Student: 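What follows is a single structure, and I will ask about it in a moment.
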Amino acid sequence: YDPCVGVACGDNQSCENGNCVNNDPCAGVTCNNPCESCAAGVCGSYCTDGWVCGEDTITCEDPDPCGGNCFPGCEDCVDFGNGVGHGCVASAGSDSTPGCPNYDPCVGVACGDNQSCENGNCVNN
């Protein structure tokens, strides 16, 4: 005896013991990495608090572990490792970028003999 004989179920439903039940939309869905889980048939990050899936695709990470303290376009947030934590360091080329805290107008300025650079200009010593 099969209680499902003659039972017509709707789309995305199947018959179990004579009753129509909704199919699991995540059945057969494999998410690309362990930071993701399936919900309603779609893979998405299960990281919370605005964190994102890390490069290792396994752990959730704070997208800005420096807490927004780095100067945009002038400093990078880096992991110092060894449990020291994160901190801001000057970005490459930031010493020649006007507006950066470490801007030096003399970077890249070549002066002649017996001259030195002051505020981006060559002056005679």
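No experiment lies behind these values; they were computed from the predicted model shown. Hydrogens, waters and symmetry mates play no part in the numbers below; they use all other heavy atoms, side chains included.
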Student: Report yes if the side chains of Tyr46 and Cys53 come closer than 4.5 Å at any heavy-atom pair, otherwise no.
Tutor: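 No, side chains not in contact.
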Student: Is it true that a side-chain atom of Asp79 and a backbone atom of Gly81 form a donor plus acceptor pair closer than 3.5 Å?
Tutor: yes
Student: So, for Phe71 and Pro101, which heavy atoms are closest and what is the spacing to 0.1 Å?
Tutor: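 That closest heavy-atom pairing would be CD1-CG, 3.4 Å.
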Student: Enumerate the side-chain hydrogen bond (donor to acceptor under 3.5 Å, both in side chains) contacts for residues 59-68, please, sequence neighbours excluded, ordered by first and then second residue.
Tutor: Asp56-Thr59
Student: Of all residues at least two apart in sequence or in a different chain, which pass the side-chain contact (heavy atoms from CB on, under 4.5 Å) check with Val107?
Tutor: Asp95, Ser96, Asp104
Student: Please enumerate all residues that pass side-chain contact (heavy atoms from CB on, under 4.5 Å) together with Ser94, with sequence neighbours excluded.
Tutor: Cys74, Ala90, Ser91, Cys100, Asn102
Student: State which residues pass side-chain contact (heavy atoms from CB on, under 4.5 Å) with Pro3; sequence neighbours excluded, sorted by chain then number.
Tutor: Tyr1
Student: In the hydrophobic cluster built from side-chain contacts under 4.5 Å, what are the other members alongside Trp51?
Tutor: none
Student: Please tabulate, one pair per line, all N/O donor-acceptor pairs under 3.5 Å involving side-chain atoms of residues 109-123, not counting sequence neighbours.
Tutor:
unit_1	atom_1	unit_2	atom_2	d
Gln115	OE1	Gly112	N	3.0
Gln115	NE2	Asn124	OD1	3.1
Ser116	OG	Asn125	OD1	3.0

Student: Taking only residues two or more places apart in sequence or in another chain, which ones pass side-chain contact (heavy atoms from CB on, under 4.5 Å) with Cys38?
Tutor: Cys26, Val29, Cys31
Student: Other hydrophobic cluster members with Val21, side-chain heavy atoms of Ile/Leu/Val/Met/Phe/Trp/Tyr under 4.5 Å, chained?
Tutor: none
Student: Is the shortest heavy-atom distance from the side chain of Cys88 to the side chain of Cys77 under 4.5 Å?
Tutor: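 When only atoms from C-beta onward are counted, Cys77 and Cys88 do not touch, as no gap falls below 4.5 Å.
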Student: So which residues get pulled into Val78's cluster when ILVMFWY side chains under 4.5 Å apart are joined, directly or through others?
Tutor: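 Val78 clusters with Phe80, Val84, Val89.
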